[in-house]
Protein chains: 2
Amino acid sequence: MLQLKDLPDAKVLRKFAERYEDMDSRSVTHFLNILRIGTELAESLDRFLAKHGLLQGRWWVLILLMREDDLTSTPSELAEKAGVSRATMSGLINGLLRDGLVARKEDNEDRRSYSIRLTAAGQDKLDEVMPDYYPRVKKMMNAIPVQQREDLLKQLILLKEQSKVFD
Amino acid sequence: MLQLKDLPDAKVLRKFAERYEDMDSRSVTHFLNILRIGTELAESLDRFLAKHGLLQGRWWVLILLMREDDLTSTPSELAEKAGVSRATMSGLINGLLRDGLVARKEDNEDRRSYSIRLTAAGQDKLDEVMPDYYPRVKKMMNAIPVQQREDLLKQLILLKEQSKVFD
DNA sequence: TCATTGTAGTTAGCTGGCTAACTATTGTCA
DNA sequence: TGACAATAGTTAGCCAGCTAACTACAATGA
């Protein structure tokens, strides 16, 4: 996603407001700032995961597998839970297979299907990443008192519900 | 970016908290929700732009060009302002050139460089998109009173400053 | 001046998103 | 039962991000 490094200054806002009458400088500025900060948080997380040789997609697949009691799921279920297409999940699983972090076994009951299992190496990887990840998240979120965090989230949820205005 | 459709429930949080002692369920849940909503807002914008045959990257380049008094910039400047690598900007400009939304001219003073200019077709595209975009942004942001928006932004900026915990 | 360093832009190859089209298999129901 | 519909997964080809390596040119300074 774009980083929108260079947000519009007053002069630019005037220029655009002149040509496009319905523009509301304040709401545009707020919206762009919110988008930008969201992107920046996601990028921080990515850079952190990259230090452990992972990126968001693969990391999330490992977590989804660890959630299961038998450490096992199917590509379709994983795609559904991660919110990506089955094609994308194919690619993610292939990468994890190459790195030996998951294993694939044929399903005897449904021959179209496979079961994907977190390997010992995959669990090791999580055991390396998560004890590094959790304290950092805690530290970051502690910058905001809990009540204000709840408010923040409430406002964001409001915005998200409004995002249907773009449909 | 991941959509994180399936956020952890109480049982999963317990399982992870057991294995990883430093885990703070509340901060993890807050963090993941903020990330997810950021992603969803960006996706809404992308879907909107796609209806006009654009995506965030190309749309942003057109806007950066329109900001300039002579509607002209260079690939390097555009990359810098958009916050992407020069390689990525090469790709974006190529796409826009193919569609005729920008034009390229050699720089007589520095023969390594090109100037990229918004064409009439590019301006037309913006004149089609922006009057559709601005009222929607306004409508969306109006869901939150201005004071609360300012608070929201203040909290997000705090979080962003804290995101260095991932370094 | 000319060798070195720096800068502008592109290319190749990787990741990870998507849709559309495909194969293989399973399920349904006339 | 057998045709059709639905589902699981993959592949191909697109977009857009990255780094590293490259070409071409500009700028610097011994």
Side-chain angles (χ1 to χ4, degrees), chain A residues 1-5 39-40 42-47 49-62 72-99 101-102 104-116, chain B residues 1-5 39-40 42-47 49-62 72-99 101-102 104-116:
Chain A
M1 203 203 314
L2 270 188
Q3 286 191 48
L4 315 171
K5 276 265 167 62
T39 305
E40 283 169 348
E43 280 171 355
S44 292
L45 177 59
D46 265 338
R47 279 194 302 276
L49 292 172
K51 285 194 293 186
H52 294 284
L54 288 174
L55 281 173
Q56 274 189 61
R58 294 187 187 182
W59 174 65
W60 201 248
V61 172
L62 296 181
T72 293
S73 186
T74 65
S76 285
E77 269 178 33
L78 291 170
E80 171 71 21
K81 290 180 177 174
V84 300
S85 66
R86 284 173 302 150
T88 297
M89 187 51 67
S90 259
L92 291 173
I93 288 172
N94 273 332
L96 290 166
L97 282 169
R98 262 201 312 277
D99 294 350
L101 303 178
V102 306
R104 178 160 75 172
K105 201 168 69 79
E106 285 173 19
D107 184 328
N108 293 322
E109 271 145 44
D110 185 341
R111 289 174 52 205
R112 293 167 302 179
S113 189
Y114 296 94
S115 71
I116 305 295
Chain B
M1 204 205 312
L2 270 189
Q3 285 191 49
L4 315 169
K5 274 266 166 59
T39 305
E40 284 169 348
E43 280 171 354
S44 292
L45 176 59
D46 265 339
R47 280 194 302 275
L49 292 173
K51 287 194 293 185
H52 293 285
L54 288 173
L55 282 173
Q56 273 189 64
R58 294 186 187 183
W59 174 66
W60 201 247
V61 172
L62 296 182
T72 294
S73 187
T74 65
S76 285
E77 269 180 33
L78 291 169
E80 172 69 21
K81 290 181 176 173
V84 300
S85 66
R86 285 173 302 151
T88 296
M89 187 50 66
S90 260
L92 291 174
I93 288 172
N94 272 332
L96 290 167
L97 281 170
R98 261 201 312 278
D99 294 352
L101 303 179
V102 306
R104 179 160 75 171
K105 201 167 71 74
E106 286 174 17
D107 184 328
N108 293 322
E109 270 144 44
D110 186 340
R111 290 175 51 204
R112 292 168 304 180
S113 189
Y114 296 94
S115 70
I116 305 296

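A quick note: this is a predicted structure, and the numbers were derived from the prediction, not measured. Below, read A as the first sequence line, B as the second, and so on, with proteins coming before strands; counting in each chain starts at 1.
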**OP:** Choose from D/dG9, C/dT26, C/dA20 the nucleotide whose nearest atom is closest to any side-chain atom of A/A87.
**Re:** C/dA20

**OP:** Specify the separation, in whole Å, of atom CD of B/E80 and atom C1' of C/dT7.
**Re:** 13 Å

Original post:
With respect to the side chain of A/S113, which nucleotide from D/dT11, D/dA8, D/dC15 is positioned closest?
Top reply: D/dA8

Subject >> Between C/dA8 (P) and B/M89 (CE): distance, integer Å >> reply: 14 Å

Original post:
Out of C/dG16, D/dC15, D/dG17, which has the shortest distance to the side chain of A/R58?
Top reply: C/dG16

Original post:
Taking atom C1' of D/dC15 as reference, at what distance in whole Å does atom CG of B/D46 sit?
Top reply: 11 Å

Original post:
Which residue lies toward the 5' end of DNA chain C, B/E77 or A/G91, if each is placed at its nearest nucleotide?
Top reply: B/E77

Original post:
When you match A/N108 and B/R86 each to their closest nucleotide on DNA chain C, which lands nearer the 5' end?
Top reply: B/R86

Subject >> Atom-pair distance (CG on A/L62; P on C/dG16), nearest Å >> reply: 11 Å

Original post:
Atom CD1 of A/I93 to atom C1' of D/dG9: distance rounded to whole Å?
Top reply: 9 Å

**OP:** Evaluate the side-chain proximity of B/L101 to B/R58: yes if any heavy-atom separation is below 4.5 Å, no if none is.
**Re:** no

**OP:** Kindly say if B/S90 contacts the phosphate of C/dG9, meaning a side-chain N or O under 4.0 Å from OP1 or OP2.
**Re:** no

Original post:
Are any non-hydrogen side-chain atoms of B/Y114 and B/E106 less than 4.5 angstrom apart?
Top reply: yes

Original post:
Can a side chain N or O of A/R111 be found less than 4.0 Å away from OP1 or OP2 on C/dG27?
Top reply: no

Original post:
Of all heavy-atom pairs between B/T72 and B/S115, which one has the smallest distance, and what is that distance?
Top reply: CG2-CB, 3.7 Å

**OP:** Give a yes/no on whether any side-chain N or O of A/S76 is located under 4.0 angstrom from OP1 or OP2 of D/dG9.
**Re:** yes

**OP:** Check every atom of D/dT11, D/dG9, D/dA16 against the side chain of A/T74 and return the nucleotide holding the closest atom.
**Re:** D/dG9

**OP:** Give, for atom CG of B/L54 and atom CH2 of B/W60, the distance between the pair rounded to the nearest 0.5 Å.
**Re:** 13.0 Å

Subject >> From D/dG9, C/dG17, C/dT10, nucleotide with atom closest to A/R104 side chain >> reply: D/dG9

**OP:** Indicate, with a heavy-atom threshold strictly under 4.0 Å, whether A/D110 touches base, sugar-phosphate, or nothing.
**Re:** sugar-phosphate

Subject >> B/T88 vs D/dC18: side-chain N/O to OP1/OP2 distance below 4.0 Å >> reply: yes

Original post:
Is there a donor and acceptor pair, one atom on the side chain of B/R112 and one on the base of C/dG9, closer than 3.5 Å?
Top reply: no

Original post:
Can you check whether B/V61 reaches B/M89 side chain to side chain, under 4.5 Å on heavy atoms?
Top reply: yes

Subject >> Interatomic distance where CG belongs to A/L49 and P belongs to D/dG17 [whole Å] >> reply: 20 Å

